[in-house]
Structure formats: structure tokens, C-alpha cells
There are 2 protein chains.
Amino acid sequence: MTAESPSREARPGADGSSPHAVTLHDVARAAGVSLATASRVLNGSERKVADAFRERVQRVADELGYTPNVSAQATARGFSPVIALLVADIADPYFGQIAAGVARGADERGLVVTISITERDRDRESRILRALRGQRPQGLILAASRADGHDDATPAPSELEAFARYGGRVVAFGDRVPLGSGQTARSISLDNAGGAEQLGLRMGALGYRRVIVIGSTEGVRTSDDRIDGFTRGFTRGGGAVERILRGDFRREAGAAAMAAALADGVDAGTLVFAVSDVVALGAISAIRAAGREVGADIAVCGFDDVPASGDVTPALTTVRVPLNEAGYQAFRAVVDEDWTQDPLPLEVVVRDSTPGHSA
Amino acid sequence: MTAESPSREARPGADGSSPHAVTLHDVARAAGVSLATASRVLNGSERKVADAFRERVQRVADELGYTPNVSAQATARGFSPVIALLVADIADPYFGQIAAGVARGADERGLVVTISITERDRDRESRILRALRGQRPQGLILAASRADGHDDATPAPSELEAFARYGGRVVAFGDRVPLGSGQTARSISLDNAGGAEQLGLRMGALGYRRVIVIGSTEGVRTSDDRIDGFTRGFTRGGGAVERILRGDFRREAGAAAMAAALADGVDAGTLVFAVSDVVALGAISAIRAAGREVGADIAVCGFDDVPASGDVTPALTTVRVPLNEAGYQAFRAVVDEDWTQDPLPLEVVVRDSTPGHSA
DNA sequence: ATGAAAGCGCTAACAT
DNA sequence: ATGTTAGCGCTTTCAT
């Protein structure tokens, strides 16, 4: 259950006491200057205060432990220092890396990032978007492709448009998301198709001829692109896609899909391509659970190169995606007026989960 | 470089245009009621507005797409709906799980969580804490044990005291952190020592007699407790600690420490206990890199049971820590006036990285 | 029950 | 260069 407004009891100081925080007013008075002067030395950027005053105010502020009230500054200035990040699941390493990149950028600029989690649920996403608007963030980064797919995979344009209208910038991962008024949000695109194609090609070169693909719902761009690209490359390399199983981007989905495939029978020497490492990891566990071996028996490759992929044994063949950098770029796309995306180089990383093969 | 205040250019609407967001005033005017009335139906909790008005205001607000400006509400009310979470590294699964738990709780109460990353750097932490105070958050959750250790491992009490003084609640993972005025912050404690002791006992029962421990800096409570507990259990089980290597909680530290140990020579049949799974994963990679085998040759166990631990091969023996739940409890500790910690059950999970042994 | 008006803490003209 | 003052959008007495 999501409350529309913060619960009352949660209010601090409900116990009565709490002396309020030191205000700018306190500092000004203690330093014997006007509010304006105090504001200028403490928060205003233009330097036009006599050094004597400047120092005094600074000293008093330090002594009193003054910290500007961000909310008050935001209402007065008309804009807030927050960047809102929307992810499907922060515990998922994919989003974790992206979040780290966004946070890195935000820190450089003294901006605050708020993270919200959609759990890949459409309604939840809408509610969050609505609540987020209340923060009047400088920007909104959408890294939360949902489990469902289809044409309306992105949030209602009207909701995003509301952001754009008051000046907040919307940046989305993947899709070019429409903004209502014919505009589109800036987007961080990864060459999913290209990277997957390279991977497919390499797998073909390694001698694989049959592949089982585990993807997300049809209509989810990232999944579609990776599947299409892989198929193109693999086919060109002489292989053929045996079947495509569908789930979502979760580990469990990978395990379930793989289990289903195994139940139907999977020949030794078959390759499995999962649209993400997390899904591949799930598939691997299913393969093991079925008493089969990963590698020479059933080969597996994924996409993303999350840290865990290097730790599994056999290590997972995948496509390295600079996720942290992607997050950083998303941040830049939000704050920089003029911005053009730097290409994010994807790189195929062949490891032991896809040993050379020649059957 | 961390800017003290948000960069100017980052300001949205710098391009001039952006019509401002719909304000309560707009709604009131359009509905033909006073600001007060509009406020009461839209945001105030007490219901004392005639149904006719109530409906009308509601309708108009919907039509206009009104969303209350959180900053303005915060300045007016004197408290904000944010819970600040401080983690060392959001891409680390340990913190990722905790963050997910905190976010889950926050969502239930319609609260916003802001996440800041210390990168385990003391100065960075201080700067962040200072900036965070500006948000006047309802609460602050510290889940960022630093790399350095020693007595002053927690942030300066004065900084935390400043939070507590104005009513914000401080909740810390692990240590009982002092709050200056003799008080201590609420803390979420895990029975690290107990869990580690159980693990040590089990390892002893499995037949291990020699263990190399890889920990963080001496003085870091979590690390110390786990080491002490493990030592106690393992000793009681008949084993002995051969040596203790020190690093921090990062994967690389585990790899480096393990590499150093291997360079000195590690007998087959030796057990390695790392204070966290992430560190253990690093150790495993070093073991492999040295051409040794994990399991019968060199056994490894960790702590936390992060998802990746189940995926490595051999799967990692560890102590399961309900991290998500811990995060949720931390949230509760922040918002609930009366609060007592529910015990967080730790559970030893023996997997293939520590096969039965009898040398 | 409703509205007028005084703040909340801060910023930014506008004077001086 | 400094101070005055009118807001920012909202909440909340206090009248009516």
C-alpha cells in the first residue's frame, strides 16, 4: 500500500521537545548583519560582500553549525537540487551499477539523487511518477523498463510531459520516449542489437549451431533488440535459433524458462543465450538443478557483464556494458544544457561458459 | 570534486520558457475557493470541508494535474518527507539489499529516500552528512561502515547530534553510535559474532583444522565481531586460526589478501574465512588465478549470503543475513516512535565451497 | 465550514 | 556594498 502523503506520526519532534535547527536568520542576527548579507556569503554565488563581513558571517555560521534548509531554498529559488532516479530494482546489479554512475555525477555537482523502485509494476510506476513530480526535480532518469512490454511500455506521456513542461528534464534508458508534445526525451541508448550481433557472430565462430534464446516479453525494446541482434549474428555465423523462451529480466524467469526447456529436452552442445546476465545466471542454476553441466554440455552466454558474471564457474560469456558510465551519462544528459551522447562501447567477453565447440 | 551547492547551469528552465507547474493557488482560483480550503481538501488530513467543495476542488486539481510542491510543504510544515540513507557503495550487493529494504518501507509510508554514497571515505562522509542535514530529513540511516576503523569509526558525534537535535532520528547499522549528549542512536544489530561462531563450529565439525581469516581493518566492528565469533567457534570445534589478513570489505581486498597468502604458501585442506561474501568472492578469484582449486584443495566460506554466493561454483558456504529485512527494520526504527528491534535470524548455509574434510 | 492573513526559511529584486 | 522587502508555494492560526 502506498500512502499518498507522508504519515503523520512519522513527523519528527512529535515528542515535543526538539529545538529547531539553526536558521539563516539566527546567523545574521548573531553576526550583526542583514539577512541578505548572510545569504550572500553563505549561499549566493556572486561575491560582493566586504571581507570583514564575509569572514564574520562565515565564522558565526560555523560556530552555530548552520546548514541551509534545502526545502526553503528550493521554494525560494523555484528549483530543487534533486535528480530523481527510477529503477526497477535497486538490488539488481544492473540497476545498481547505473545508480552508482548517476550518484557519481550528482555528487560532482552537489546534487541529490532520490531513488525510487518500480518493482516493474506499472501502477506503482505511475504512483511514483506522480509523487516524484512533487519534488520538482531538475531531472528524472528512467531506468526501469517494465516487465510488460508492448507499445505502451513507457510511462504515460502525459505524466512525463508534466515534468518536461515545468522545465524538468526527462532522460530514459533505451527507448526514445515520447513527451507528448511531439518531443522526445533524451535517451541513453546502448547498441544492444550491435553488441548482441557481435556475440552471435562469435558464438557461431566458436562452432555453435543451435541456440535457445531466453528473453523478456515481446515488446520490451532491450530484449527485442538483443534477441534480434543475436539472431542476426548467429545466423550469419551459420547457426540457427531453435526456440525463444519468454519471461522477464529476473533471475527466476531465467531459471523457469531454462527448466521448461530442459523438460522438453536439450541436446548436448546447445547454446543458451539469455538477454541479460541475471537471467543467464538463473538459467545456469536450472541447468545445474537438472543435473546437466554448463559449458561443454550446455553452453550459456548473457549480456551486461555484471560483476557476478566473472565469479560464476564456468565464468559467463557475455557482452560488457559500461553500466556505471551509462549512469553517469544519464546524469549528464539531465544537467547539461547541450549534450550529445558519447557512444558506449560494448565488448564481447568470451569466457568458459562457452568453450570452443565443433559438433 | 564535490560542489557545496548545486551548479547554476543545472537549473532547469534556463532556456527561458517553461511555464511553471500548477500551484495550489491555481487550483483554488479555478475552483473558486480559498487557498485554505483547497489546501485542506488536497493535503490537510482533517476532514472539515463541505462535500460540494471537496469534490469540486478535487476535480479541478485532477483536471489541472496539480501535485503539491514538496519543498514548499516542507518549509511550511517544518519537516520533510525524506529519509536519508548513507551507504558505502550502492553497487555492492550488501548495500543494495539493505537499500531495497529501506525503500520498501519508505514506499509504504509515502516517504522518499535519498541515497548517498560515501565510497568509504571519511571526508566524503562528513561532507555528505553536512549536505544531508540541509534536507532536514526525518531520519538518517547509516549503513556505511568505513574502511578505516579504530575508535572513531562512526561519524563525528557532533554531526549526528545536529540531526538528533532538531528531531531527526539517526539509525545506524552495527555499532551503537554515540550522539553527543550521552544518548545513542537506534541501531540495527546483527548477531555477527553469534552467526560467525556457528559457522566456525560447523567448519570445525566438517573437519577443518586450520583457517586463514581475511578481514577488514582492525577496529571495524562488523569485521571484528565476525572474526572473533568465528575464532571462538572454530577453536571450540578443534581448529586454530593460522593467520589473519586485513583489507576492507571490497572484492579486490579479498583477492589481494588471498594472493598474498598464496604467495606465502597455503597447504591443501586449509579453510579460508572471509568476513563477507564479496571479499570471499575476491579470494576465490585469487585462488583460481593461482591455479589452485576451491573446495577440496582450499575451502572458502564467507558471510552475508548475497545472491552471487549461490551462483558461484562451487557455491559459497556462508551465513545467511536477511539484509532486505534489516533495511526494512532500519526504516521502521526511523519512523516508528516506539520501536524495538526484532531479532534478525542468521543462518549458516553450508554449500560446496567447504566440502566435508577429514585431514 | 470557510476565508484572511501571518508565517516557514530563504532568495532576489530593489533601494540606498 | 549593504539592507529592505516582496515574494516562493504551502500550512495553519485566527476570525467570521
Side-chain angles (χ1 to χ4, degrees), chain A residues 5-6 8 11-13 18-57 61 64 66-81 133-136 166-167, chain B residues 5-6 8 11-13 18-57 61 64 66-81 133-136 166-167:
Chain A
S5 52
R8 234 54 173 161
R11 184 169 141 298
S18 52
H20 66 208
V22 178
T23 130
L24 185 61
H25 194 102
D26 298 334
V27 176
R29 195 156 37 69
V33 299
S34 75
L35 253 184
T37 300
S39 172
R40 289 196 265 257
V41 4
L42 263 12
N43 310 315
S45 33
E46 315 307 310
R47 44 157 51 252
K48 38 185 173 184
V49 176
D51 283 357
F53 278 2
R54 176 173 292 282
E55 275 172 35
R56 180 132 54 92
V57 171
L64 265 42
Y66 167 76
T67 314
N69 181 320
V70 174
S71 294
Q73 286 185 311
T75 64
R77 300 213 245 239
F79 61 91
S80 81
R133 236 171 66 210
Q135 294 182 33
R136 303 285 188 275
Y166 76 81
Chain B
S5 53
R8 235 52 175 161
R11 185 168 141 299
S18 52
H20 66 208
V22 179
T23 126
L24 185 62
H25 194 102
D26 298 334
V27 176
R29 196 158 34 72
V33 300
S34 74
L35 255 184
T37 300
S39 172
R40 290 196 264 257
V41 3
L42 261 11
N43 310 316
S45 34
E46 316 305 312
R47 41 157 54 252
K48 38 186 174 185
V49 176
D51 283 356
F53 279 1
R54 175 171 294 283
E55 275 173 34
R56 182 132 54 93
V57 171
L64 265 41
Y66 167 77
T67 315
N69 180 321
V70 173
S71 292
Q73 286 187 312
T75 65
R77 301 214 245 239
F79 61 91
S80 82
R133 236 171 66 208
Q135 294 182 32
R136 304 287 187 272
Y166 77 81

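Residue numbers start from 1 in every chain, and the chains themselves are labelled A, B, ... in the order their sequence lines are given, proteins ahead of strands.
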Peer 1: Taking the nucleotide of DNA chain C with the nearest heavy atom to each, does B/Ala50 or A/Thr23 sit closer to the 5' end?
Peer 2: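 It is B/Ala50, whose closest nucleotide lies nearer the 5' terminus.
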
Peer 1: Taking CG from B/Leu42 and P from D/dG9, how many angstroms apart are they, rounded to a whole number?
Peer 2: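 In whole Å, D/dG9 P and B/Leu42 CG are 16 Å from each other.
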
Peer 1: Under 4.0 Å between any heavy atoms, over every strand shown, what does B/Thr37 touch: base, sugar-phosphate, or nothing? Just pick one.
Peer 2: sugar-phosphate

Peer 1: To the nearest Å, give me how far apart CG (A/Leu24) and P (D/dG3) are.
Peer 2: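 It works out to 12 Å between those atoms.
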
Peer 1: Which of the following nucleotides, D/dT2, D/dC10, C/dT11, is nearest to the side chain of B/Ala72?
Peer 2: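 Out of D/dT2, D/dC10, C/dT11, the nucleotide with an atom closest to B/Ala72's side chain is D/dC10.
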
Peer 1: C/dT2 P sits how many Å from B/Arg56 CZ, rounded?
Peer 2: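 To the nearest whole Å, that distance equals 10 Å.
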
Peer 1: What is the minimum heavy-atom distance between B/Ala21 and B/Asp26, and which atoms define it?
Peer 2: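 So the two residues come closest at O-OD2, 4.0 Å.
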
Peer 1: For the pair made of CG in B/Asp26 and C1' in D/dC10, what is the distance, rounded to whole Å?
Peer 2: 13 Å

Peer 1: Looking only at N and O atoms, is any donor in the side chain of A/Arg40 or the base of D/dG3 less than 3.5 Å from an acceptor on the other one?
Peer 2: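 Pair found.
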
Peer 1: At less than 3.5 Å, do the side-chain atoms of B/Thr75 and the base atoms of D/dG9 form a donor-acceptor pair?
Peer 2: yes

Peer 1: Can you name the nearest heavy-atom pair linking B/Val27 to B/Val22, along with the distance?
Peer 2: CG2-CG1, 4.2 Å

Peer 1: Got a donor-acceptor pair under 3.5 Å from the side chain of A/Arg136 to the base of D/dG9?
Peer 2: no

Peer 1: Check whether any side-chain heavy atom of A/Arg56 lies under 4.5 Å from a side-chain heavy atom of A/Thr37, and answer yes or no.
Peer 2: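 No, every pair of side-chain atoms sits at 4.5 Å or beyond.
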
Peer 1: Round to the nearest Å and state the distance from A/Arg77 atom CZ to C/dG9 atom C1'.
Peer 2: 12 Å

Peer 1: From B/Ser34 OG over to B/His25 NE2, what is the distance, rounded to the nearest 0.5 angstrom?
Peer 2: 10.5 Å

Peer 1: Establish, with yes or no, whether the OP1 or OP2 oxygen of C/dC10 is under 4.0 angstrom from a side-chain nitrogen or oxygen of A/Tyr66.
Peer 2: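 Yes, within the criterion.
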
Peer 1: Quick one: is D/dT11 close enough that its OP1 or OP2 comes under 4.0 Å of any side-chain N or O from B/Gln73?
Peer 2: yes

Peer 1: Using the side-chain heavy atoms of B/Lys48, tell me which of these nucleotides is nearest: C/dG9, C/dT11, C/dA1.
Peer 2: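 Of all the options, the side chain of B/Lys48 is nearest to C/dA1.
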
Peer 1: Got a donor-acceptor contact below 3.5 angstrom from the A/Ser80 side chain to the A/Ala74 backbone?
Peer 2: no

Peer 1: Output the single nucleotide from D/dT11, D/dG3, D/dG9 whose closest atom is nearest the side chain of A/Val33.
Peer 2: D/dG3

Peer 1: Between A/Asn43 and C/dT11, does any side-chain N or O lie under 4.0 Å from OP1 or OP2?
Peer 2: yes

Peer 1: Give B/Ala36 one of three labels, base, sugar-phosphate or nothing, depending on what nucleic acid heavy atoms sit under 4.0 Å from its own.
Peer 2: base

Peer 1: Under 4.0 Å between a side-chain N/O of B/Ser34 and OP1 or OP2 of C/dA4, yes or no?
Peer 2: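 No, outside the criterion.
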
